[in-house]
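Here is the structure we will look at, set down as structure tokens.
Fair warning: this is a prediction, and the values are worked out from it, not measured in the lab. FYI, the numbering just counts along the sequence from 1.
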Amino acid sequence: QVQLVESGGGLVQPGDSLRLSCAASGFALDDYAIGWFRQAPGKEREGVSCISRSVDTTYYLDSVKGRFTISRDNAKNTVYLQMNSLKPEDTAVYYCAAVQATYYYCSGFGPLYDYWGQGTQVTVSS
């Protein structure tokens with residue numbers, strides 16, 4: 001059974017950091033590109049970041065560049081999203097997703113992805 005499980009969300013203050021984890025089971029993560037997406041109340045889902053199988057290709061939403069870093073540990077079947085200098089506008093439910101892809105490919109376009117986690121809430125508020 002293919003499953004993605006996000007963790008690491010929470011309530012933090014502006015300027016704080018969080019590290020989200022996306023743990024995969026039922027399939028080998030190293031065959032997949034992984035994306036992180038978020039959806040805030042009343043807003044459309046947006047692609048935040050992605051990482052290719054090779055880790056050479058990454059993508060970041062402009063508003064998170066320089067603050068967020070995506071990484072993967074295929075031995076642990078887990079992808080991470082390190083989020084620093086969090087802002088109230090980062091508040092959203094964060095989802096990870098997987099798509100079987102060529103070695104250097106990843107995309108911030110959600111409809112391309114086949115498997116999705118249940119999401120983890122990130123709230124940034126003073």
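Taking the ring centre of Y103 as origin, the terminal cationic atom of R53 falls outside the region bounded by 6.0 Å and 45° from the ring axis.
Contacts classified as salt bridge (charged side-chain N to carboxylate O under 4.0 Å, His left out) and involving residues 90-116 (residues at least two apart or in different chains) are given here: R38-D90, R67-D90.
Note: the hydrophobic cluster containing Y113 does not contain L4 (ILVMFWY, side chain heavy atoms under 4.5 Å, direct or indirect links). Residues Y115 and W36 fall within the same hydrophobic cluster, defined by Ile, Leu, Val, Met, Phe, Trp and Tyr side chains chained together at heavy-atom separations under 4.5 Å. In the hydrophobic clustering of this structure, Y95 groups with F109; members are Ile, Leu, Val, Met, Phe, Trp, Tyr whose side-chain heavy atoms approach within less than 4.5 Å, directly or through other members. W116 and L29 sit in two unconnected hydrophobic clusters of ILVMFWY residues. Membership requires side-chain heavy atoms under 4.5 Å apart, directly or through other members. Under a hydrophobic-cluster definition in which Ile, Leu, Val, Met, Phe, Trp and Tyr are linked whenever side-chain heavy atoms come within less than 4.5 Å, directly or via other members, V79 and V93 are assigned to different clusters.
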task: Could you walk me through whether L81 and T69 pass side chain to side chain contact (heavy atoms under 4.5 Å, CB included), step by step?
output: CA-CA 6 Å; L81 185 68; T69 304; over 6 Å; no

query: What do the steps show when you test Y59 against I70 for side chain to side chain contact (heavy atoms under 4.5 Å, CB included), and what is the final call?
result: CA-CA 9 Å; Y59 158 82; I70 192 170; over 6 Å; no

field: Worked check of side chain to side chain contact (heavy atoms under 4.5 Å, CB included) between F68 and L86
entry: CA-CA 9 Å; F68 290 12; L86 282 161; 3.9 Å; yes

- prompt: Can you list the steps and then say if L20 with Y80 is a side chain to side chain contact (heavy atoms under 4.5 Å, CB included)?
  reply: CA-CA 6 Å; L20 304 184; Y80 305 97; over 6 Å; no

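The two residues S52 and C106 have their closest heavy-atom pair at N-CB, 3.8 Å. When all heavy atoms are compared, the tightest approach of A92 to A40 is CB-N, 3.8 Å. Residues C50 and S107 come closest through the heavy atom pair SG-N, 3.2 Å.
For K65, the salt bridge (Lys or Arg N to Asp or Glu O under 4.0 Å) partners are D62, not counting sequence neighbours. Here T102 pairs with Y105 under the side chain to side chain contact (heavy atoms under 4.5 Å, CB included) rule; sequence neighbours left out.
Panel note: side chain N77, backbone F27; a donor-acceptor pair is recorded below 3.5 Å.
Using a 4.5 Å heavy-atom cutoff, the side chains of T78 and R72 are not in contact. Inter-residue side-chain proximity for R45 and P111 is flagged as met; some heavy-atom pair is nearer than 4.5 Å. Taking the side chain as every heavy atom from C-beta outward, I51 and T57 never approach each other to under 4.5 Å. V124 places none of its side-chain heavy atoms less than 4.5 Å from the side chain of D16. Side-chain contact between S25 and Q3: present, with at least one pair of heavy atoms (C-beta onward) separated by less than 4.5 Å.
For the atom pair CG (N74) and OH (Y32), the distance works out to 13.0 Å, reported to the nearest 0.5 Å.
With Y94 as the partner, the side chain to side chain contact (heavy atoms under 4.5 Å, CB included) test is satisfied by one option alone out of E6, M83, Q39: M83.
There is no side-chain donor-acceptor pair under 3.5 Å between T91 and E89. With hydrogens and angles left out, the side-chain atoms of S17 and N84 include a donor and acceptor closer than 3.5 Å. Side chains of S125 and T123: no donor on one and acceptor on the other come within 3.5 Å.
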